[in-house]
Amino acid sequence: MSSSTAEAARRLPVVILLSGSGSNFAAIAAAAGHGALPIELRAAVSDRPAAYGLVRARALGIPAQAVPVTGHADRAAHNVALAACIDAYRPELVVCAGYMRIFSAAFVEHYADRMLNIHPSLLPEYRGLNTHQRALEAGARWHGCSVHFVTEELDGGPLVAQAPVPVLPGDTVETLSARVHRAEHRLYPTVIGWYATGRLRSTAGVVTLDGEPLSTPVRLENLHAEA
Ligand code: GAR
């Protein structure tokens, strides 16, 4: 085995699921690209053939595939096709990075303990959609993002880590979303790194970090700061 092959062998195989712009995908790929994250990005897979995240993946030479919902009888049937596409890349971790569809129970079960999601709020606040708008309407002073293992409960799986982000006077959905995205782009590679190095595990839904059960999510402060 050449040294470069041995190097690749130590990298955790990952498939990323996305539906949109793919800025989180890009942040993860960049961290992997400059060696900060020991993963091998095997593919980006989307429900939307036009997702810009797929364009970003192709530009980096990473396989990019769409599994559209059209042509499938229901969510369960679509998710069977989605899982077949993902499994062809043999990932050990599936990373949801702006994948905007609910999964079937069988899909979640298939990837139990090996699928992460990032959500743009400090869960359990603001599960679901339009989180920035809802935080602004509620007059929240703090907002942020959360990484959790995926379970059948929408945005309700065991939390791993959160990054709080301040809501500033005059914020709009756009300014707040941009600040949360900056935090996401640091939080997600960090958590994926913990998984890739064996520090983070989920076993039957029980999350451990460095062998200790995680009773509250790790809080990483100031990740939104401008570089
Ligand atoms: C991110 O803010 C992510 O937290 C959110 O979609 C955005 C995707 O941005 N995910 C969800 O809302 C999932 N419920 P990106 O395509 O630029 O990475």
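One-based numbering, in listed order, for ligands and for the atoms of each. When reading the values below, keep in mind they use all heavy atoms of this one structure, side chains included, and skip hydrogens, waters and symmetry mates.
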Review point. Which residue from Pro120, Ser177, Ser121 reaches closest to atom 12 (O) of ligand 1 through any of its heavy atoms?
Key: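 When every heavy atom of Pro120, Ser177, Ser121 is considered, Pro120 comes closest to atom 12 (O) of ligand 1.
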Check your understanding: Out of Thr131, Asn130, Ile118, Leu154, who gets a non-hydrogen atom closest to atom 10 (N) of ligand 1?
Key ->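 Residue with the shortest heavy-atom distance to the ligand atom: Ile118.
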**Study point:** Worked check of side-chain contact (heavy atoms from CB on, under 4.5 Å) between Tyr111 and Val150
**Key:** CA-CA 8 Å; Tyr111 296 108; Val150 176; over 6 Å; no
Would you say [Y] and [X] are linked by a side-chain donor-acceptor pair, where the criterion is simply a distance under 3.5 Å?
| X | Y | answer |
| --- | --- | --- |
| His119 | His148 | no |
| Arg114 | Ser202 | no |
| Ser23 | His185 | yes |
| Asn117 | Tyr188 | no |

Review point. Do any pairs count as a ring pair (Phe, Tyr, Trp, His ring centres under 6.0 Å) and have a residue in residues 62-98, sequence neighbours left out, and if so which ones?
Key: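 Passing the test, one end in residues 62-98: His72-His78.
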**Study point:** Axial cation check for Tyr195 ring with Arg201, 6.0 Å and 45° limits
**Key:**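 Checked: cation-pi criterion met.
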Check your understanding: Is ligand 1 less than 4.0 angstrom away from at least one heavy atom of Gly53?
Key ->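 No, Gly53 has no heavy atoms under 4.0 Å from ligand 1.
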Check your understanding: Looking at ligand 1, does Leu18 have a heavy atom less than 4.0 Å from it?
Key ->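 So Leu18 does not count as touching ligand 1.
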Please report which non-hydrogen protein atom sits nearest to [atom], along with the residue it belongs to and the distance in Å to one decimal place.
| atom | result |
| --- | --- |
| atom 16 (O) of ligand 1 | Gly22 N, 2.7 Å |
| atom 13 (C) of ligand 1 | Met100 SD, 3.8 Å |
| atom 3 (C) of ligand 1 | Glu184 OE2, 3.5 Å |
| atom 7 (C) of ligand 1 | His181 NE2, 4.0 Å |

Review point. What residues, two or more places apart in sequence or in another chain, satisfy side chain to side chain contact (heavy atoms under 4.5 Å, CB included) together with Ala196?
Key: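 Ala196 satisfies side chain to side chain contact (heavy atoms under 4.5 Å, CB included) with Leu12, Pro38, Ile39 only.
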**Study point:** For Gly98, the ligand 1 atoms whose distance to one of its heavy atoms is below 4.0 Å
**Key:**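 That gives atoms 6 (O), 8 (C), 10 (N) of ligand 1.
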Review point. Which ligand 1 atoms are under 4.0 Å away from a heavy-atom of His119?
Key: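 Matching atoms, with element in brackets: 4 (O), 14 (N).
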Review point. Considering distance alone, does some N or O of Asn24 sit under 3.5 Å from an N or O of ligand 1?
Key: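 Yes - when backbone and side-chain N and O of Asn24 are compared with those of ligand 1, one distance drops under 3.5 Å.
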Review point. Between Ser23 and ligand 1, is there a nitrogen or oxygen pair with a distance under 3.5 Å?
Key: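 Indeed, backbone or side chain, Ser23 has an N or O that close.
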